[in-house]
Amino acid sequence: MKIGIVGAGMTGLSAALELLNKGHEVEIIESSDKIGGIAGAFKYENTYLEKYYHHFFKSDKHIMKLMKEIDLYDEIQWHISKMGFFSGGRTFDFGTPISLLKFKPLPFMDKMKFGLTILKLMGTKDYRSFEGITAHEWIQKHAGKRVYENVWKPLLVSKFEGQYKDISMSWFWGKIKLRGSSKEKGKEALGYIKGSTKTLLDRLELILNEKGANIVLNCPVKNIDKRESIILSTACGEFSYDAVICTTPLPVFLKLSEGILPKNYREEKSNIEYTSVVCTILTLDKPFTGYYWLNMGDESIPFGGLIEHTNLLDKKLYGNNNILYISDYLFKDNKRYNMNDEELLEEYLPHLKKINPEFNKDMIKNMTVFKDEYAQPLIKLGYSKIKPGFETPVKGLYTASMCNIYPEDRGMNYAIREGINAALWAIKGGEKDGK
């Protein structure tokens, strides 16, 4: 079969590799001038750095398998990370049993409840028992109000703003399960690819080209149609395929295909909402904290987390600079999403100083901002009933996006898995049609 793939992110690239390995003809249509999507990297000093902070976990078997397949497994580096929690004007160690015992915002009995609920979640294998209750309700019921108010509520608010009460406990379970599965001697071990995700993307691009894939860049898709074949109308012409796998965010896919998708399908899937993200990268002349990951337990702070990349990797790799990511999940109508870089920095500065009183604007050597409208689907009650499958009502048209990943949380590991699975569905559909 000749199969078109819309989008050259990790899902699209993984689908392409699987299809080529199975002997199919593949063409990838990408709107930007580079492959990688949100897993992409940009030039930084003498190396590359991710646009959006990336690491992976010990349980990320799909990344491991892919890295072995393309002979990059030895480029994986494992680092012990250190997590902190900012609450009540102070920063506390967080994420280990010892740090929990020393965590002053919670009384002793609440610390025990906190630990027991984490153990309960880690010991639960089936997410379906959490589908009928929100995280807002379950956490208060099992861990108590103080644990919820001091720890989990600020994190939910920072991720989902005013819709934090609507998020399914099944999503929260997936988040805890993933992070808890990447421990070494009680400490969190995180994987990073030497040279950034650019190393992986470059190798994938090389292999795909060697196997005969045609990667068309700077070519936004304007419309998806169905005649005798699936037709992509793009800024650089019209393309025809036996099947198409669209790996754009679901709302984009629905818009591109609105002329051929049934109304009831479009209306049902349109109920899935997304949050957006603003990711600011500051180059500093001094370290900001002693943590790789610092969660915000203060709801007055607009961003939800600080990820200090050079507290995981040696800053010598980055010209002895200190690299700080500011992770700000929000909805697109939030004013911060539409601020320019200078306005955004002025918004963040007093809060950064609250966390580190010695911080000042003069410490900033450079600032880079990336924004993505479709950062995270909202997993609400009943999500499994409207979760899209790979197949659509249009024969030969498939969709694979973050929305397919549930019950696991989004991430590069699952983007790879969903790309492979979408490819297998497309092959299966073609075999039914004798192609």
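Remember, predicted model here, so these are calculated numbers, not experimental data. Any value given below was found using the heavy atoms of this structure, including those in side chains, with hydrogens, waters and symmetry copies removed.
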Would you please indicate yes or no on a ring centroid separation below 6.0 angstrom for [Y] and [X]?
X    : Y    : answer
Y127 : Y406 : yes
Y383 : W171 : no
F114 : W152 : yes
W138 : Y148 : no

Any donor-acceptor pair under 3.5 Å linking the side chain of [X] with the backbone of [Y]?
X    : Y    : result
E50  : T197 : yes
K353 : E358 : no
S257 : L254 : no
R90  : P105 : no

Please table the atom pairs, donor to acceptor, closer than 3.5 Å between any side-chain atom in residues 305-312 and protein atoms at least two apart or in another chain.
{"unit_1": "E308", "atom_1": "OE1", "unit_2": "T289", "atom_2": "N", "d": "2.8"}
{"unit_1": "E308", "atom_1": "OE1", "unit_2": "T289", "atom_2": "OG1", "d": "2.9"}
{"unit_1": "E308", "atom_1": "OE1", "unit_2": "N311", "atom_2": "ND2", "d": "3.2"}
{"unit_1": "E308", "atom_1": "OE2", "unit_2": "F288", "atom_2": "N", "d": "2.7"}
{"unit_1": "H309", "atom_1": "NE2", "unit_2": "Y318", "atom_2": "OH", "d": "2.8"}
{"unit_1": "T310", "atom_1": "OG1", "unit_2": "I323", "atom_2": "N", "d": "3.0"}
{"unit_1": "N311", "atom_1": "ND2", "unit_2": "T289", "atom_2": "O", "d": "3.0"}
{"unit_1": "N311", "atom_1": "ND2", "unit_2": "Y291", "atom_2": "O", "d": "2.7"}

Practice task
Look at the aromatic rings of F370 and F42 and report parallel, tilted or perpendicular, splitting at 30° and 60°.
Solution key: tilted
Practice task
Describe, in one word, how the ring planes of F390 and W425 are oriented to each other, choosing from parallel (under 30°), tilted (30 to 60°) and perpendicular (over 60°).
Solution key: tilted
Practice task
With K371 as the cation and Y337 as the aromatic partner, state whether NZ or CZ is under 6.0 Å from the six-membered ring centre and within 45° of the axis.
Solution key: yes
Problem - Pairs touching residues 13-30 that satisfy salt bridge (charged side-chain N to carboxylate O under 4.0 Å, His left out), sequence neighbours left out - result: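 Passing the test, one end in residues 13-30: E18-K22.
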Handout entry: Short N-O contact, E408 and R417, less than 4.0 angstrom
Key = yes
